[in-house]
2 protein chains.
Amino acid sequence: MQLKSLRIFREVARTGSFVAAAELLHTVQSNVTAHIKKLEEELDAKLIERHGAVRLTSAGQALIQYSESILSAHDEALSLFRKNASPRGRLRIGAMETTTALRLPPILAKFHKAHPEVDIELHTGPTADLIKGMMAGQHDCIFVAGKVNHPRLHQFRAFDEQLVLVSGRHMDKMPAPQELQTATFLAFRQGCSYRQRIELLLATHGVHATRIFDFGTLDAMLGCVAAGMGYAILPSMTVEAHRHRFEVHSYPLPEEIGQVTTYYAVPEMDTWTPAMTAFADVLRRATDAQVFT
Amino acid sequence: MQLKSLRIFREVARTGSFVAAAELLHTVQSNVTAHIKKLEEELDAKLIERHGAVRLTSAGQALIQYSESILSAHDEALSLFRKNASPRGRLRIGAMETTTALRLPPILAKFHKAHPEVDIELHTGPTADLIKGMMAGQHDCIFVAGKVNHPRLHQFRAFDEQLVLVSGRHMDKMPAPQELQTATFLAFRQGCSYRQRIELLLATHGVHATRIFDFGTLDAMLGCVAAGMGYAILPSMTVEAHRHRFEVHSYPLPEEIGQVTTYYAVPEMDTWTPAMTAFADVLRRATDAQVFT
DNA sequence: CCTGCTGATTCATTTGAAGTGATTTGAAAT
DNA sequence: ATTTCAAATCACTTCAAATGAATCAGCAGG
């Protein structure tokens, strides 16, 4: 059984004429006859009564229902891939906690408004997990800190973040090495790239190991920092956005380790769904000239 | 896009291998490659990532969902027509009021028990309407009184009915012609074949016209007969079955006009759905040797 | 770094099926 | 009986699917 045959069958049923169906489907009448005949042979049942008026038999009426559902699913699939059609389906975005909290909301809102037919799935996790998930085909696109060293993964600068040292107490300069040596640091769970910055910071101060606590969410982390549990390293914008909720103080990290770029990573363009294309479009507009250079 | 291609695509996605898919579908792997390539060209998107492990791209994952729904609908349609598979779908039976009330219930019960997957639609109406409906493709099969004179309509004796004259008063012989002349008759609405029998009965008694009231349901008719409104002509079995609910009396019609056979009429066998085949089977068994001679 | 192995691609060739147009058949209307 | 319209049939063309051999790419083991 072939889609072409079903399409012809449906048209004959609709128009009640072999000739009319042939014209509508841009073929000749003998071809219509052949397709119907083939269907009838395959199913071993007469589908159409052709004595005077062309009418569906009981078997034909049973088949037409399935034809409709098969053909409509087929048409829908085709329309999903048609360029310049409004995108539908699923879009699975992976992003870091901080990106999700601060940068994504306005972009997702804009995207959803422009393409309400797309179901957005937002998965949050540390950079390492995101990359692994992307390779396993669990995300369509991800936002990660720093460039990923992987062929067939295209990357674009999305956001530039200035990292700050966050504390419950006021700081007017970088704390002394011996202070950092004994202090506790709060970081996202294993795999977060900001965590590496902590190590880097300590190293520049000649300090080696220290205690690092794992946190799953931004709220928990900022709450504990405000309570004086220890230091954290976070993007400046993130801290600013939450300052009204937590009493925390921050001090900028030195230029060379305090600058972090969040990249938008996607597979090659020819593997994109229309939803991904549309999202990249919105993203480009939202981040202006930074991406897709 | 072709069903064959989708089937191959699905198999590749499932097995994660072109070779495995080729073997399972009894073809060669170059053919698998060709089909996937064709799909990719048609949709203008890379569906499968083939570097080391064969994996679906985002576009591929979007397509596979539609593939599943298309293919499962297709498989279901095929299984619907496969002989010796348990029938599914719809069965639209047309029958006269009296047949519906008396003869069909046990048969339908038996059929439903044997084939619970079939949705039975029972349409009730007078013989003439049933035949018209059958020609218009509204019924799959009908039970009618008397043989239908129509080519490409197969008919089998289903039930033999003995007609009786029904009255609210006791009768020990056929009422006199002058009684019949002035009496009122109750009958089903236009098109019922039993109605013709009334005319026939009157004619044999040399009586011409009389008043005939139309009724839609058996209950209303028997109720009015019991109340003394007039006479009715009905199958003996029908009257017997309702005797406990209505106080009516009956007297058998003479042999030559009192014998009515209910026929089971269906289109040619090659237009049947499997549900129709199964029903004919149950019907044959239920009515023993009477049908399908 | 080479080498062999596995698995996908490419290509030339065969095969078969789909499409075409002329013609015939069949049913209904005149 | 005749005309007409629509579907079936048939011979022929054309295009696409399937095949198998050869090639190429990635990967593991030496």
Side-chain angles (χ1 to χ4, degrees), chain A residues 1-43 45-57 59-60 71 74 135 149-153 267-268 270-271, chain B residues 1-43 45-57 59-60 135-137 149-153 267-268 270-271:
Chain A
M1 205 196 300
Q2 235 170 144
L3 288 172
K4 229 180 298 185
S5 305
L6 289 180
R7 190 150 266 135
I8 288 175
F9 172 62
R10 181 176 68 172
E11 206 56 43
V12 170
R14 262 225 304 254
T15 60
S17 153
F18 281 51
V19 179
E23 277 174 14
L24 282 167
L25 297 173
H26 309 107
T27 181
V28 293
Q29 166 265 336
S30 66
N31 195 25
V32 173
T33 300
H35 271 278
I36 300 293
K37 201 175 162 194
K38 185 129 189 289
L39 271 181
E40 289 183 328
E41 274 165 12
E42 268 181 84
L43 300 176
K46 210 166 165 197
L47 299 171
I48 293 180
E49 200 70 68
R50 327 140 216 224
H51 298 104
V54 165
R55 266 192 33 247
L56 290 182
T57 64
L71 292 175
H74 176 238
M135 293 308 154
N149 181 23
H150 202 286
R152 37 193 118 265
L153 207 58
E268 282 151 347
D270 58 1
T271 71
Chain B
M1 206 196 302
Q2 236 170 129
L3 287 172
K4 231 181 295 183
S5 305
L6 288 180
R7 188 151 268 131
I8 289 175
F9 172 62
R10 181 176 68 173
E11 205 57 41
V12 170
R14 262 225 305 254
T15 61
S17 153
F18 280 52
V19 178
E23 277 174 13
L24 282 166
L25 297 173
H26 310 106
T27 181
V28 294
Q29 109 273 36
S30 67
N31 195 26
V32 173
T33 300
H35 270 278
I36 300 293
K37 202 174 159 195
K38 185 129 189 290
L39 271 181
E40 290 183 327
E41 276 165 12
E42 267 181 83
L43 301 176
K46 211 166 164 195
L47 299 171
I48 293 181
E49 200 68 68
R50 325 134 218 229
H51 298 107
V54 165
R55 265 191 35 244
L56 290 183
T57 64
M135 292 309 155
N149 181 23
H150 202 288
R152 39 192 114 266
L153 207 57
E268 281 153 349
D270 58 0
T271 71

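Values below: all heavy atoms of this structure, side chains included; hydrogens, waters and symmetry mates excluded. In what follows, chains carry the letters A, B, and so on, assigned in the order in which the sequence lines appear, proteins first and then strands, with residues in each chain numbered from 1.
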Original post:
Does E268(B) have any salt bridge (charged side-chain N to carboxylate O under 4.0 Å, His left out) partners at least two apart in sequence or in another chain, and if so, which?
Top reply: K46(A), R152(B)

Original post:
Hey, does the side chain of H35(B) come within less than 4.0 Å of dA18(D)'s phosphate (OP1/OP2), counting only N and O?
Top reply: yes

Subject >> Nearest-0.5 Å distance, CG of residue L47(A) to CG of residue L56(A) >> reply: 8.0 Å

Subject >> DNA chain C contacts among residues 2-24 of chain A, heavy-atom distance under 4.0 Å >> reply: Q2(A), K4(A)

Subject >> Phosphate-side-chain proximity, R50(A) and dA8(D), N/O vs OP1/OP2 below 4.0 Å >> reply: yes

Original post:
Excluding sequence neighbours, so at least two apart, what forms side chain to side chain donor-acceptor pair (under 3.5 Å) with R55(A)?
Top reply: none

Original post:
Taking atom C1' of dG26(D) as reference, at what distance in whole Å does atom CZ of R55(B) sit?
Top reply: 16 Å

Original post:
What integer distance in Å separates L39(B):CG from dA17(D):C1'?
Top reply: 14 Å

Subject >> Protein-nucleotide distance (I36(A), atom CD1; dT9(D), atom P), rounded to Å >> reply: 13 Å

Subject >> Interface limits on DNA chain C, where chain A has a heavy atom under 4.0 Å of a nucleotide atom >> reply: dA18(C) to dG21(C)

**OP:** Using the salt bridge (charged side-chain N to carboxylate O under 4.0 Å, His left out) rule, take E40(B) and K37(B) through it: C-alpha gap first, then chi angles, then the decisive distance, then the call.
**Re:** CA-CA 5 Å; E40(B) 290 183 327; K37(B) 202 174 159 195; over 6 Å; no

Subject >> Helical bend (five base pairs per end, nearest 10°) for the helix from dC1(C)-dG30(D) to dT30(C)-dA1(D) >> reply: 30°

Subject >> N-O pairing of R14(B) and E11(B) below 4.0 Å >> reply: yes

Original post:
How long is the line joining CD of E42(B) and C1' of dA17(D), in whole Å?
Top reply: 14 Å

Enumerate the protein-to-nucleotides 19-22 of chain D contacts in which both atoms are nitrogen or oxygen and the separation is below 3.5 Å.
unit_1: dT19(D); atom_1: OP2; unit_2: T27(B); atom_2: OG1; d: 2.6
unit_1: dG20(D); atom_1: O6; unit_2: S30(B); atom_2: OG; d: 3.0

Original post:
OP1 or OP2 of dA7(D) less than 4.0 angstrom from a side-chain nitrogen or oxygen of T33(A), does that happen here?
Top reply: no

